[in-house]
**Student:** 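Have a look at the structure that comes next, please.
Whatever order the structure lists ligands and atoms in, that order sets their numbers, starting from 1.
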Amino acid sequence: MAHWGYMTTNGPSTWGKDFPIANGERQSPIDIVTTAAEYDSDVLGSNALSTNYTPESEVKLVNNGHSIMCQITKKGVLTGGPLGKDEYRLEQFHLHWGAEDNRGSEHTVDGKMYASELHLVHWNASKYSSFADAVQKPDGLAVLGIFITPGVACNQFKVISDNCGKLKTSGAEMTVDTTLDPTLLLPSNTSDYWTYLGSLTTPPLFESVTWIVFKEPVEYSKEQLLALRNLVDSDGNHMQDNYRPPAALKQRKVKKTFT
Ligand SMILES: NS(=O)(=O)c1c(F)cccc1F
Ligand SMILES: [Zn+2]
């Protein structure tokens, strides 16, 4: 079986062969049609979305062949909003990006694509015993989606962008002896977001994710975006355009926390 990727021969249009759920009822990403999103005060009313992360004392980076991933070792949690009282533990974060600034995000907003999208992946530690246990459950995961646009450098992301050069090839791993506070990767406004029920955006595409996509993008510098584009994927090509295009919304509603 040819390993899945983002090239013509193994990209998103071919994933349905090995992962039939690719054409399922709650696939991600989606195009967020802002006028169709429903304001839902009780998504926000009952208890606002809240993150309680512990800064990582060292940064564990992995080039997993499809993205650059930071493995989280502390027990930070996300709760509230659409997650109710359940506590979702931060497991890892990674990104998707384009070869150029005009593309790269997975979710789109009224058809607009951002240059990149950061995903903070959490699993429901109130109900399940591990990420592996939660990953196939309909309420198993929660992912924060943060849009990235070219601008000033993001200081907290420097530990990743400054080390991409040492993680060029697929399978490369390294531990950087510096702290990282995942809270500082979030936009300043974390009250305004869209939320809907979806899936992993890479194979195995499990339909287990409550998506929370922030309205406010964060800025990364051109150099930080270039560092991502110089990574090499599992086929030895430049890791670029590692994003899945939007899937059909089907019978879903997107909720929003702002008017
Ligand atoms: N892209 S995504 O955030 O849906 C995602 C996950 F949540 C978990 C594993 C891989 C992955 F890619
Ligand atoms: Zn992702």
**Student:** Could you pull out, from Leu120, Asn242, Val135, Leu200, the option with a heavy atom nearest to atom 7 (F) of ligand 1?
**Tutor:**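 Result: the heavy atom closest to atom 7 (F) of ligand 1 is in Leu200.
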
**Student:** Looking only at distances, please establish whether an N/O atom of ligand 1 is found under 3.5 Å from an N/O atom of Gln92.
**Tutor:**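 So ligand 1 has no N or O lying under 3.5 Å from an N or O of Gln92.
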
**Student:** Do the rings of Trp211 and His119 sit parallel, tilted or perpendicular, given the 30° and 60° boundaries?
**Tutor:**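 If you compare the ring of Trp211 with that of His119, the planes turn out perpendicular.
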
**Student:** What do we get for Val121 next to ligand 1 when only non-hydrogen atoms under 4.0 Å count, side chain, backbone, both or neither?
**Tutor:**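 Just the side chain.
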
**Student:** Looking only at N, O or S atoms, which one in His119 sits nearest to the Zn ion (ligand 2)?
**Tutor:**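 The Zn ion (ligand 2) is closest to the His119 atom ND1, counting only N, O or S.
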
**Student:** Which atoms of ligand 1 have any heavy atom of Val143 under 4.0 Å away?
**Tutor:**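 What qualifies from ligand 1 is 3 (O), 7 (F).
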
**Student:** State the atom name: nearest N, O or S atom of His96 to the Zn ion (ligand 2).
**Tutor:**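 This turns out to be NE2.
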
**Student:** Under 3.5 Å, is there a donor-acceptor pair linking the side chains of Asp139 and Tyr128?
**Tutor:**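 The criterion, which ignores hydrogens and geometry beyond distance, is satisfied for Tyr128 and Asp139.
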
**Student:** Rounded to the nearest 0.5 Å, what separates atom CG in Asn124 from atom CG in Leu141?
**Tutor:**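 The CG atom of Leu141 is 9.0 Å from CG of Asn124, to the nearest 0.5 Å.
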
**Student:** Select the closest option to atom 4 (O) of ligand 1 among Leu144, Thr201, Leu118, judged by heavy-atom distance.
**Tutor:**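 Nearest heavy atom to atom 4 (O) of ligand 1 lies in Thr201.
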
**Student:** A side-chain contact here means heavy atoms from C-beta on lying under 4.5 Å apart; do Thr195 and Pro82 qualify?
**Tutor:**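 Counting from C-beta outward, Thr195 and Pro82 do come under 4.5 Å.
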
**Student:** Is there a polar contact between ligand 1 and His96, counting only N or O atoms under 3.5 Å apart?
**Tutor:**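 Yes, His96 has an N/O under 3.5 Å of an N/O on ligand 1.
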
**Student:** Of all the N, O or S atoms in His94, which has the shortest distance to the Zn ion (ligand 2)?
**Tutor:**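 Of all N, O or S atoms in His94, the Zn ion (ligand 2) lies closest to NE2.
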
**Student:** Do Leu228 and Cys164 pass the side-chain contact (heavy atoms from CB on, under 4.5 Å) test, and can you show the C-alpha distance, the side-chain angles, and the key distance before you say yes or no?
**Tutor:** CA-CA 7 Å; Leu228 295 173; Cys164 281; 4.3 Å; yes

**Student:** Going by the atom numbers of ligand 1, which of them fall below 4.0 Å from some non-hydrogen atom of Thr202?
**Tutor:**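 This gives 10 (C), 11 (C), 12 (F) as the contact atoms.
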
**Student:** Does any N or O atom in His94 lie less than 3.5 angstrom from one in ligand 1, N or O only?
**Tutor:**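 Such a contact does occur with ligand 1.
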
**Student:** Going by the ring-ring contact (aromatic ring centres under 6.0 Å, His included) test, name the single residue among Tyr243, Tyr114, Tyr196, Trp194 that passes it with His107.
**Tutor:**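 Considering Tyr243, Tyr114, Tyr196, Trp194, a ring-ring contact (aromatic ring centres under 6.0 Å, His included) with His107 is found only for Tyr196.
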
**Student:** Any side-chain donor paired with an acceptor under 3.5 Å for Gln251 and Glu25?
**Tutor:**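 Short answer, no.
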
**Student:** Given side-chain contact (heavy atoms from CB on, under 4.5 Å), test Ser234 with His3 step by step and report yes or no.
**Tutor:** CA-CA 9 Å; Ser234 44; His3 191 75; 4.2 Å; yes

**Student:** What do you reckon, does Trp211 put a non-hydrogen atom under 4.0 Å from ligand 1?
**Tutor:**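 Per 4.0 Å heavy-atom rule, Trp211 contacts ligand 1.
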
